[in-house]
There are 2 protein chains.
Amino acid sequence: MKEQTTQLDMVKLGIVANTCACFNLRKASRAVTQLYDEILQPSGLLTTQFTLVVAVSIAGSTTITRLAEDLVMDRTTLTRNLKPLERQGLIEIVPGQDQRTRVVALTAKGREALTKAIPLWEKVQASVVEGLGQNRWSRLLSDLSDTVLLAHKG
Amino acid sequence: MKEQTTQLDMVKLGIVANTCACFNLRKASRAVTQLYDEILQPSGLLTTQFTLVVAVSIAGSTTITRLAEDLVMDRTTLTRNLKPLERQGLIEIVPGQDQRTRVVALTAKGREALTKAIPLWEKVQASVVEGLGQNRWSRLLSDLSDTVLLAHKG
DNA sequence: GAACAATAGGTGTATATACACTTGAGCTAT
DNA sequence: ATAGCTCAAGTGTATATACACCTATTGTTC
């Protein structure tokens with residue numbers, strides 16, 4: 001009986017490692033990001049940058065704060081993440097009518113990069129969907145979406 | 001017909017944003033990490049650090065490279081992530097028998113921090129499991145696990 | 001046993017992420 | 001009109017992540 005507490009801890013630790021939502025999501029993110037980055041490499045865009053350009057493209061002209069909310073990303077993180085894209089000339093950031101805001105928009109060069117990257121994205125995305133199977137993949141997407149809602153509200 | 005390509009692109013962009021495995025996994029990771037960090041805060045550990053301490057604890061004494069493989073994490077990332085834990089005295093890193101290796105192990109202080117953090121983890125983890133429902137949560141875990149295998153091999 | 005390959009690890013650099021704090025512009029109530 | 005509040009954004013700092021490159025130790029081959 002004297003080893004009871006230690007044993008209990010070890011059981012719990014195994015449960016943590018095997019079931020922790022944060023750990024397992026981050027692990028999957030790492031693995032998938034590496035795969036996507038590898039395939040997107042010829043486009044010159046990292047996957048995070050690719051998805052940012054896509055988000056800017058869809059939003060049209062939008063402010064930092066609104067874009068950050070769309071992306072479930074801290075506003076200051078977005079500010080930092082936009083910097084490399086601005087430096088490469090893929091997006092431009094100009095003051096908005098409300099002088100407090102700054103408006104982000106895609107440039108012609110950004111549109112070009114996107115055109116080059118999309119077929120690569122389709123390839124790697126298809127490989128993941130095929131690997132899991134369409135049904136399971138759709139289910140995973142929907143589960144992830146609900147997880148975001150759950151975590152983001154409380 | 002002259003707007004055809006532009007329209008096609010916009011459709012595709014919506015598909016990318018709504019279905020990209022990398023984007024949606026990272027988004028969920030951000031949301032969940034923020035939630036877990038918030039609840040774990042009284043422990044003094046970030047969730048990433050908590051899971052690292054758990055991994056070291058389970059592995060017993062292990063090398064950097066082996067631990068990195070377990071975590072599906074770049075070896076150099078792990079080296080960097082261990083630094084704050086070593087500085088706080090939660091782990092210790094000593095040379096192994098093979099002089100090329102360095103062996104990572106939990107300290108008494110690390111065990112203490114873990115003991116304080118585990119009940120907090122159980123609370124936030126339970127809220128996620130309850131929110132999604134046990135069945136859906138188990139399914140999501142298994143889908144994530146297969147996604148890691150899929151992405152990590154090719 | 002010496003030359004070479006393989007292995008374990010660290011550093012330099014760059015990006016991703018977020019919290020605390022600050023600045024400056026717009027809004028509101030009196 | 002102005003004092004005070006709110007809102008948008010940036011900076012300082014710290015951690016998380018990974019690639020390219022380097023160093024040192026171990027193993028292998030002749």
Side-chain angles (χ1 to χ4, degrees), chain A residues 22-23 25-38 40-41 44-53 55 62-69 71-88 90 93-104 151-152, chain B residues 22-23 25-38 40-41 44-53 55 62-69 71-88 90 93-104 151-152:
Chain A
C22 188
F23 172 62
L25 275 169
R26 292 184 73 94
K27 185 165 71 170
S29 289
R30 285 193 295 270
V32 168
T33 300
Q34 280 176 59
L35 175 65
Y36 275 61
D37 279 349
E38 188 187 326
L40 283 189
Q41 188 166 339
L45 289 173
L46 297 170
T47 310
T48 45
Q49 300 176 334
F50 170 71
T51 56
L52 257 192
V53 170
T62 187
T63 64
I64 307 272
T65 297
R66 251 198 300 157
L67 192 53
E69 279 163 4
L71 297 166
V72 190
M73 181 180 286
D74 189 89
R75 185 183 47 75
T76 68
T77 300
L78 180 58
T79 296
R80 262 53 193 254
N81 290 357
L82 289 176
K83 280 217 156 63
L85 299 178
E86 195 182 15
R87 200 186 317 130
Q88 292 174 247
L90 306 179
I93 308 181
V94 297
Q97 285 189 330
D98 181 337
Q99 289 297 118
R100 291 172 302 180
T101 67
R102 301 218 303 149
V103 173
V104 187
H152 195 49
Chain B
C22 188
F23 172 63
L25 275 169
R26 292 184 73 93
K27 186 166 68 169
S29 289
R30 284 193 295 270
V32 168
T33 299
Q34 280 176 59
L35 174 66
Y36 276 60
D37 278 351
E38 189 187 326
L40 283 189
Q41 188 166 340
L45 289 173
L46 296 170
T47 310
T48 45
Q49 300 175 334
F50 170 70
T51 55
L52 257 191
V53 170
T62 186
T63 64
I64 307 271
T65 297
R66 252 199 299 158
L67 191 54
E69 280 163 4
L71 298 167
V72 189
M73 183 181 284
D74 189 89
R75 184 183 48 75
T76 67
T77 299
L78 180 58
T79 297
R80 260 52 192 260
N81 289 357
L82 289 177
K83 279 216 156 64
L85 299 178
E86 195 182 14
R87 200 186 317 129
Q88 293 174 245
L90 306 179
I93 308 181
V94 297
Q97 284 190 332
D98 180 338
Q99 290 295 119
R100 291 170 302 181
T101 67
R102 303 218 301 150
V103 174
V104 187
H152 195 50

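Throughout, a chain's letter reflects where its sequence line sits, starting with A, and its residues are numbered from 1.
- Between the P atom of dC19(D) and the CD atom of Gln41(A) lies a distance of 9 Å, rounded to the nearest Å.
- When each of Asp37(A) and Thr101(A) is assigned the nucleotide of DNA chain D with its nearest heavy atom, Thr101(A) is the one assigned upstream, toward the 5' end.
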Taking N or O atoms only and anything under 3.5 Å, show me the protein contacts with nucleotides 21-26 of chain C, one pair per line.
residue : atom : partner  : partner atom : Å
dG26(C) : OP1  : Gln99(A) : N            : 3.2

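- Rounded to whole Å, atom C1' of dC19(C) lies 16 Å from atom CG of Leu35(B).
- Contacts of Arg30(A) classified as side-chain hydrogen bond (donor to acceptor under 3.5 Å, both in side chains), with partners at least two apart in sequence or in another chain: none.
- The minimum heavy-atom distance between Asp74(B) and Thr76(B), with the atom names listed, is OD2-OG1, 2.6 Å.
- Using a 4.5 Å cut-off on side-chain heavy atoms (C-beta onward), Leu45(B) and Leu90(B) make contact.
- A straight line from CG of Leu78(A) to C1' of dT17(C) spans 11 Å, rounded to a whole angstrom.
- Atoms CZ and CD1, from Arg102(A) and Ile93(A) in turn, are 5.0 Å apart once rounded to the nearest 0.5 Å.
- Among residues two or more places apart in sequence or in another chain, the side-chain hydrogen bond (donor to acceptor under 3.5 Å, both in side chains) test is passed with Ser29(B) by Ser29(A).
- A heavy-atom distance below 4.5 Å is not found between the side chains of Leu71(A) and Thr51(A).
- Separation of atoms CE (Met73(A)) and OG1 (Thr48(A)) is listed at 8.0 Å; rounding is to 0.5 Å.
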Return the polar atom pairs (N/O with N/O) between nucleotides 13-16 of chain D and the protein under 3.5 Å, or none.
residue : atom : partner  : partner atom : Å
dT13(D) : O4   : Arg80(A) : NH1          : 3.3
dT15(D) : OP1  : Arg87(B) : NH1          : 3.2
dA16(D) : OP1  : Thr48(B) : OG1          : 2.4
dA16(D) : O3'  : Arg26(A) : NH2          : 2.9

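- A heavy-atom distance below 4.5 Å is found between the side chains of Leu25(B) and Leu25(A).
- Rounding to whole angstrom units, CG of residue Leu40(B) and P of dA18(C) are separated by 16 Å.
- Computed from coordinates, the Asp74(A) CG to dA9(D) P distance equals 13 Å when rounded to whole Å.
- A close approach under 4.0 Å does not occur between any side-chain nitrogen or oxygen of Thr79(A) and OP1 or OP2 of dT11(D).
- In this structure, CD of Gln34(B) is placed 15 Å from C1' of dA20(C), rounded to the nearest angstrom.
- With rounding to whole Å, Leu25(A) atom CG is found 17 Å from dT17(D) atom C1'.
- Nucleic acid contact for Thr33(A): none, since no nucleic acid atom lies under 4.0 Å from a heavy atom of the residue.
- Taking each heavy atom of Val72(A) and Ala31(B) in turn, the nearest pair found is CG1-CB, 4.1 Å.
- When rounded to the nearest whole Å, the span between CD of Glu38(B) and P of dA18(C) equals 13 Å.
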Could you pull out every donor-acceptor pair under 3.5 Å between side chains of residues 77-87 of chain B and any protein atom, sequence neighbours left out?
residue  : atom : partner  : partner atom : Å
Thr79(B) : OG1  : Arg75(B) : O            : 3.2

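- From one end of the helix from dG1(C)-dC30(D) to dT30(C)-dA1(D) to the other, with five pairs defining each end axis, the axis direction shifts by 10° (rounded to 10°).
- Here the side chain of Asp37(B) pairs a donor or acceptor atom with the backbone of Thr47(B) at under 3.5 angstrom.
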